[in-house]
Protein chains: 2
Amino acid sequence: MKLRGYEDARSGWTDDTQQLDATFAALADPTRRAILARLASGDATVTELAKPFRMSQPAISKHLKVLERAGLVSRRREAQRRPCRLEARPLRTAVDWLEDYRRFWGESYRRLDTLLDELRSVEGPT
Amino acid sequence: MKLRGYEDARSGWTDDTQQLDATFAALADPTRRAILARLASGDATVTELAKPFRMSQPAISKHLKVLERAGLVSRRREAQRRPCRLEARPLRTAVDWLEDYRRFWGESYRRLDTLLDELRSVEGPT
DNA sequence: CAGCTTCATAACTAGTTGGTTATATCGCTG
DNA sequence: CAGCGATATAACCAACTAGTTATGAAGCTG
């Protein structure tokens with residue numbers, strides 16, 4: 001099986017590369033993951049989002065900018081407010097990438113592996 | 001639906017937090033993703049891994065250390081070599097987190113949503 | 001043991017990140 | 001229009017990142 005990424009090492013990268021860079025980088029911060037979790041239950045303004053954190057409002061604004069550049073959040077205007085909305089599509093790209101590795105962590109992998117070994121030993125070496 | 005992360009904002013974080021931080025941070029670099037992709041096709045030594053990159057060997061060693069601290073790679077000794085093996089279990093944790101957002105990107109979400117609306121309108125308001 | 005290969009470590013650098021405080025802008029509302 | 005609430009921006013800082021070169025250690029192999 002061929003997984004995405006390695007052959008592109010010197011020739012430049014795959015199309016999704018920048019998207020994956022931005023997405024994973026955005027997800028690497030617990031504050032930002034918490035913000036996404038909050039937005040999953042509905043749109044929210046900056047101050048609403050900032051409330052539960054022990055962090056200044058500008059700090060949250062910065063996190064939101066990171067999420068926005070990664071395409072994980074969009075914002076509209078509403079008077080002085082800037083409500084944020086979850087845009088999860090980039091997460092799909094991330095999951096798609098991760099899914100390629102599913103067989104390396106599941107029990108099913110080990111089971112499939114053993115099964116293949118058994119089949120091979122029945123049929124004898126090629 | 002309640003998603004993981006937000007309520008922990010001031011009380012400290014969920015158990016997986018550190019793991020997710022490390023995993024997503026590790027995945028945010030295209031070189032490291034490429035290394036994982038390579039390892040998915042079998043164990044490899046440091047120099048083997050370094051070959052396709054325009055990067056020095058110490059640079060690769062550093063990337064490997066990042067992957068190792070995130071638990072995504074393990075290494076054994078074999079004479080002077082240090083073959084690396086893919087350890088994908090942390091990826092499962094990452095996917096588990098991401099799966100919570102599935103309904104925000106899929107068409108199936110819209111469909112499920114409409115379905116629920118229909119059910120509700122059939123049964124009348126509670 | 002001399003020397004090659006494999007890999008790690010140290011020391012340095014430039015750029016990025018995640019936070020701060022202070023200040024400016026925008027848009028209601030009295 | 002004064003003033004307040006909501007948000008963004010600027011300037012600054014400490015810590016971390018991703019790379020470099022130079023060097024050292026471990027372990028084969030002639």
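It should be emphasised that the depicted structure is a prediction, and the values quoted were computed from it without experimental measurement. Note on naming: letters A, B, ... go to the chains in the order of the sequence lines (proteins, then strands), and numbering restarts at 1 for each one.
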S.K.: Just wondering, are more than 12 heavy atoms of other shown residues or ligands nearer than 6.0 Å to CZ in Arg82(B)?
M.R.: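 It does: Arg82(B) CZ has more than 12 such atoms within range.
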S.K.: Leu64(B) has an atom CG; how far is it from atom P of dA18(D), in whole Å?
M.R.: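 Checked: the CG to P distance equals 13 Å.
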S.K.: Mind calculating the distance between CG (Leu67(B)) and P (dT17(D)) to the nearest angstrom?
M.R.: 13 Å
S.K.: Which nucleotide wins on minimum distance to the side chain of Ser56(B), given the candidates dG19(D), dT21(D), dC7(C)?
M.R.: dT21(D)
S.K.: Starting the side chain at C-beta, find the nucleotide from dA8(C), dT5(C), dG19(D) nearest to Gln80(B).
M.R.: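 Of the candidates, dT5(C) comes closest.
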S.K.: I want to verify a distance call: between dA8(C), dG19(C), dT7(D), whose nearest atom is closest to the Ala59(A) side chain?
M.R.: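 Of the options given, the side chain of Ala59(A) lies nearest dG19(C).
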S.K.: Would you say a side-chain N or O of Thr45(A) is under 4.0 Å from OP1 or OP2 of dA6(D)?
M.R.: no
S.K.: Between the side chain of Arg33(B) and the main-chain N/O of Leu27(B), is any donor-acceptor distance below 3.5 Å?
M.R.: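 Answer holds: yes.
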S.K.: Could you work out which one of dA18(D), dT20(D), dC7(C) sits closest to the side chain of His63(B)?
M.R.: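 The answer is dA18(D), which lies nearest to the side chain.
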S.K.: When you check the phosphate oxygens OP1 and OP2 of dA8(D), does a side-chain N or O of Arg75(A) lie under 4.0 Å from one of them?
M.R.: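 Yes, Arg75(A) has a side-chain N/O under 4.0 Å of OP1/OP2 on dA8(D).
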S.K.: Please tell me which of Val46(A) and Asp29(B) maps to the more 5' nucleotide of DNA chain D, matching each residue to the nucleotide holding its nearest heavy atom.
M.R.: Val46(A)
S.K.: Do Glu99(A) and Arg102(A) pass the salt bridge (Lys or Arg N to Asp or Glu O under 4.0 Å) test, and can you show the C-alpha distance, the side-chain angles, and the key distance before you say yes or no?
M.R.: CA-CA 5 Å; Glu99(A) 291 290 3; Arg102(A) 186 143 251 168; 2.7 Å; yes
S.K.: Look at the side-chain N and O atoms of Lys62(A) and state whether any lies under 4.0 Å from the OP1 or OP2 oxygen of dT9(D).
M.R.: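 Result: no.
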S.K.: Please confirm whether the backbone N or O of Ala37(B) pairs with a side-chain atom of Tyr101(A), one donor and one acceptor, at under 3.5 Å?
M.R.: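 Pair found, side chain donor or acceptor close to backbone of Ala37(B).
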S.K.: Kindly point out which of dC7(C), dA6(D), dA18(D) is positioned nearest to the side chain of Thr47(A)?
M.R.: dA6(D)
S.K.: With respect to the side chain of Ala79(B), which nucleotide from dC28(D), dT20(C), dC7(C) is positioned closest?
M.R.: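 Nearest nucleotide to the side chain: dC28(D).
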S.K.: Rounded to whole angstroms, how far apart are CG on Leu49(B) and C1' on dT5(C)?
M.R.: 16 Å
S.K.: Taking atom C1' of dG19(D) as reference, at what distance in whole Å does atom CZ of Arg54(B) sit?
M.R.: 13 Å
S.K.: Given dA25(D), is OP1 or OP2 found less than 4.0 Å from the side-chain N or O atoms of Arg82(B)?
M.R.: no
S.K.: Is the phosphate of dC7(C) approached by Arg81(B) (side-chain N or O, under 4.0 Å from OP1 or OP2)?
M.R.: no
S.K.: For the pair made of NZ in Lys65(B) and P in dC16(D), what is the distance, rounded to whole Å?
M.R.: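 Whole-Å distance recorded here is 15 Å.
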S.K.: Roughly, in whole Å, what's the span from CZ in Arg76(A) to C1' in dA6(D)?
M.R.: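 Roughly 15 Å, once rounded to whole Å.
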S.K.: dT17(D) P sits how many Å from Leu27(B) CG, rounded?
M.R.: 15 Å
S.K.: Counting only side-chain heavy atoms from C-beta out, which of dG19(C), dG19(D), dT9(D) sits nearest to Met55(B)?
M.R.: dG19(D)
S.K.: Say whether, by atom type as modelled, one donor and one acceptor occur between the side chain of Gln57(A) and the main chain of Lys51(A) under 3.5 angstrom.
M.R.: no
S.K.: Roughly, in whole Å, what's the span from CZ in Arg69(A) to P in dG18(C)?
M.R.: 10 Å
S.K.: Quiz question: going by heavy-atom distance under 3.5 Å, is there a donor-acceptor pair between the base of dA6(D) and the side chain of Gln57(A)?
M.R.: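 There is none.
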S.K.: Just checking Gln18(A): does its CD atom have more than 12 heavy atoms from other residues, nucleotides or ligands closer to it than 6.0 angstrom?
M.R.: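 Incorrect, the count does not exceed 12.
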S.K.: Among the nucleotides dG18(C), dA8(C), dT21(C), which one has an atom lying closest to any side-chain atom of Pro58(B)?
M.R.: dA8(C)
S.K.: On the nucleotide dT7(D), are OP1 or OP2 found under 4.0 Å from the side-chain N or O atoms that Ser61(A) carries?
M.R.: no
S.K.: Report the nucleotide, chosen from dG19(D), dT20(C), dA18(D), that has the shortest atom-to-atom distance to any side-chain atom of Arg32(B).
M.R.: dA18(D)
S.K.: Take Pro83(A) and Glu78(B), find for each the nucleotide of DNA chain D with the closest heavy atom, and name the residue whose nucleotide sits nearer the 5' end.
M.R.: Pro83(A)
